[in-house]
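Note that these values count all heavy atoms, side chains included, but never hydrogens, waters or copies made by symmetry. Residues take their numbers from the sequence shown, with the count starting at 1. Here the structure is a predicted model, which means the values were calculated and not measured.
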Amino acid sequence: MKKINFILLLLISSLFIHSCSEKVKDGIYLIDIYATNDLHGRLFDSLYTENPQNPQTPQNIAHPYSLSSVATYIRDARLNSERRIVLLDLGDHLQGDNSVFYFNFIDTASNHIFAEVMNYLDYDAVVVGNHDIEAGPRVYNKIIREMKAPYLAANAIDEKSNKPYFKPYTIVTRDGIKITIIGMTNPNIPKWLSPDLWKGIKFQEIVKSLEYWVEYVKTKENPHLVVAALHAGLGTTEENSLENPARYVASNVSGIDIVFAAHDHRSTAEVVYNGDRPVWVMEGGSRASSLSHASVKIGISDGQIISKNIEGALISMREIEPDKEYNNYFKESFNNIKAFTNTHVGSLTKSITTRDAYFGSSEYIDMIHTLQLENSGAEISFVAPLSMDVTVKAGDLNFQDLLNIYPYENQLYVIELTGEEIKNYLEFSYSKWVNKMAGNNTPFLQLNIGGRGDRGRFKNIFFNFDSAAGLIYEVDATKGDGERILIISDSNGQPFDFKKRYKVALSSYRASGGGDMLELGAGIPKEELEGRIVERLSDIREMLYNKLKRDGSITPERLNQWKFVPENLVKRAAEKDYKILFGE
């Protein structure tokens with residue numbers, strides 16, 4: 001009996017080995033690889049509330065694009081194309097919209113909407129983004145369990161096992177053609193997020209990790225195509241940027257056929273040369289505005305690759321109709337999100353806008369300053385505009401309004417800084433914000449004329465334009481870097497002391513090193529940042545909610561604790577820049 005079982009085992013093993021090593025048939029193979037990136041919860045085409053800018057429009061006005069549009073396009077491609085389809089997502093999907101917020105923190109018992117959507121659309125792989133870690137381990141571990149597609153991040157290492165916490169790569173097979181998808185998350189996560197959100201995980205830089213995993217999969221898997229799926233921005237071919245290395249990866253890491261990028265919300269489909277090998281680099285903006293598309297044609301003869309041709313493109317979703325079947329399938333979830341979103345939480349006694357935040361003291365920003373100071377007991381607060389152009393009108397507020405006011409799940413931290421460090425911090429902030437004005441013809445703001453998208457309109461990222469509350473100070477627009485800030489006093493009229501250690505309230509993103517304000521600005525080494533934290537408080541949006549529930553309303557007040565000077569010179573230039581930014 002044992003002899004028969006042994007023979008059967010040998011037969012089964014030989015069949016398994018034969019099937020795994022069987023040659024791919026000779027011929028031409030056509031494969032389309034599509035990728036979404038930075039969805040930020042844009043799962044549905046409809047808003048959950050009426051258009052706040054035009055209350056006369058009907059409820060659930062459509063977004064110009066969403067994952068519902070992607071559902072239409074992918075369904076048609078699968079039905080009507082002779083090509084084989086692969087579908088990827090490149091991260092930052094669990095933050096930015098009440099669709100995911102509701103399932104992250106409100107309805108935690110049901111299957112998560114994002115996992116359900118990925119399963120419905122039959123995604124082949126999903127990459128972990130930094131905002132997905134921001135949702136916390138309870139949420140991203142739930143996604144691992146509920147999503148059929150593998151959750152990829154080869155460079156997120158479990159400190160106990162020293163192996164990837166998430167799956168490092170996956171093999172997608174189409175007609176025998178093996179496609180390796182290697183996923184990478186953004187290694188800057190420890191600089192942006194509170195340690196409790198990624199406890200037990202360390203993050204490797206992308207290039208070093210990719211070099212290992214490309215060699216590993218080529219040796220172990222012998223794929224026909226290698227795809228680097230990065231939650232990282234484009235950067236340049238010359239600089240190995242920790243946060244944005246996609247172009248550098250394409251030009252310097254051998255063995256990769258396609259690089260899909262994400263994170264910086266830019267749009268491109270371009271060829272980068274790795275020696276004399278062309279490597280396509282693609283990124284499709286954000287919130288399903290475009291699909292990144294790699295059209296692959298592989299020729300096989302005698303089991304070997306004899307030709308490989310790749311063409312890249314971006315496919316706009318702006319004119320693609322939403323998928324009615326998709327919307328209907330998730331109708332119950334949508335209605336639950338809608339009911340939550342429209343829950344009354346309080347009222348705003350006057351309208352606020354981020355538009356004025358770039359030109360001086362702002363009711364919008366000062367409302368957050370006041371909230372941070374009230375909840376922390378700190379002496380000074382740092383806040384930047386988190387959305388480039390958002391207006392919230394006076395009147396009743398619901399959860400969508402709270403998301404518009406404060407779009408991120410940042411905690412409030414209190415850190416200690418000396419007066420000198422505070423001054424240097426502010427110098428660094430305004431050095432990225434305004435020009436050194438030489439006269440009436442000098443632009444005021446550092447604008448990227450002709451830039452596309454919210455981030456593209458400025459030379460530097462607007463959510464790093466920190467102002468302070470708790471200080472009386474001026475910003476001289478005629479001075480250069482390191483010389484703009486004149487701190488007159490504390491807000492209570494006491495002299496400002498450059499040697500004193502002040503308690504400063506700011507977001508967990510900033511306290512963890514985000515924006516380089518503390519390291520490059522204040523001059524605090526990265527390894528010392530943790531030691532400067534004296535208190536960790538709750539989510540800032542939650543504080544806003546609690547204040548509204550307690551008081552019933554908020555009256556935003558302009559603190560007028562700082563200003564740009566010389567005022568006449570700045571005013572003329574600011575009017576021009578305002579029109580460039582907002583067209584009014």
Checking [X] side chain against [Y] main chain: does a donor-acceptor pair fall under 3.5 Å?
{"X": "Asn274", "Y": "Val253", "value": "yes"}
{"X": "Gln95", "Y": "Pro407", "value": "yes"}
{"X": "Ser289", "Y": "Ser286", "value": "yes"}
{"X": "Asn309", "Y": "Lys297", "value": "no"}
{"X": "Glu205", "Y": "Val207", "value": "yes"}
{"X": "Thr72", "Y": "Asp323", "value": "yes"}
{"X": "Tyr358", "Y": "Met388", "value": "yes"}
{"X": "Asn130", "Y": "Ala232", "value": "no"}
{"X": "Asp107", "Y": "Phe103", "value": "no"}
{"X": "Ser66", "Y": "Asp45", "value": "yes"}

Worksheet item: Between Leu90 and Ala261, which heavy-atom pair has the shortest distance, and what is it?
Response: CD1-O, 3.2 Å
Item to complete: In sequence, state the C-alpha distance, the side-chain angles, and the governing distance for Lys178 and Leu225, and then conclude on side-chain contact (heavy atoms from CB on, under 4.5 Å).
Response: CA-CA 7 Å; Lys178 294 175 69 175; Leu225 196 73; over 6 Å; no
Discussion item. Apply salt bridge (Lys or Arg N to Asp or Glu O under 4.0 Å) to residues Arg247 and Glu270 and explain how you reach the verdict.
Written reply: CA-CA 10 Å; Arg247 289 188 177 110; Glu270 64 188 67; 2.7 Å; yes
Fill in: Output field: ring centroids His40/His131 closer than 6.0 Å
yes
Practice prompt. Establish, yes or no, whether a centroid distance under 6.0 Å links the rings of Phe340 and Tyr48.
Written response: no
Discussion item. So, applying side-chain hydrogen bond (donor to acceptor under 3.5 Å, both in side chains) with His231, which one of Asp92, Asp132, Asn186 is it?
Written reply: Asp92
Taking the basic N atoms (NZ, or NE/NH1/NH2) and the acidic carboxylate oxygens, is any pair closer than 4.0 Å for [X] and [Y]?
{"X": "Asp32", "Y": "Arg174", "value": "no"}
{"X": "Asp158", "Y": "Lys163", "value": "no"}
{"X": "Arg266", "Y": "Asp264", "value": "yes"}
{"X": "Lys25", "Y": "Asp175", "value": "no"}
{"X": "Arg75", "Y": "Glu325", "value": "no"}
{"X": "Asp97", "Y": "Arg287", "value": "no"}

Interatomic spacing from [atom1] in [X] to [atom2] in [Y] - rounded to 0.5 Å:
{"X": "His224", "Y": "Asp257", "atom1": "NE2", "atom2": "CG", "result": "11.5 Å"}
{"X": "Ser290", "Y": "Asn37", "atom1": "OG", "atom2": "CG", "result": "9.0 Å"}
{"X": "Arg84", "Y": "Leu30", "atom1": "CZ", "atom2": "CG", "result": "9.0 Å"}
{"X": "Trp280", "Y": "Ser292", "atom1": "CH2", "atom2": "OG", "result": "11.0 Å"}

Worksheet item: Where does the angle between the aromatic ring planes of Phe458 and Phe462 fall among parallel (under 30°), tilted (30 to 60°) and perpendicular (over 60°)?
Response: tilted
Practice prompt. Among Phe166, Phe114, Tyr165, find the one that has a ring pair (Phe, Tyr, Trp, His ring centres under 6.0 Å) with Tyr151.
Written response: Phe166
Worksheet entry | Test ring pair (Phe, Tyr, Trp, His ring centres under 6.0 Å) applied to Tyr545 and Phe101, Tyr406, Phe105, Phe399, the passing residue | Phe399
Worksheet item: For residues 301-328, which residue pairs qualify under ring-ring contact (aromatic ring centres under 6.0 Å, His included), counting only residues two or more places apart or in two chains?
Response: Tyr120-Tyr326, Tyr326-Phe330
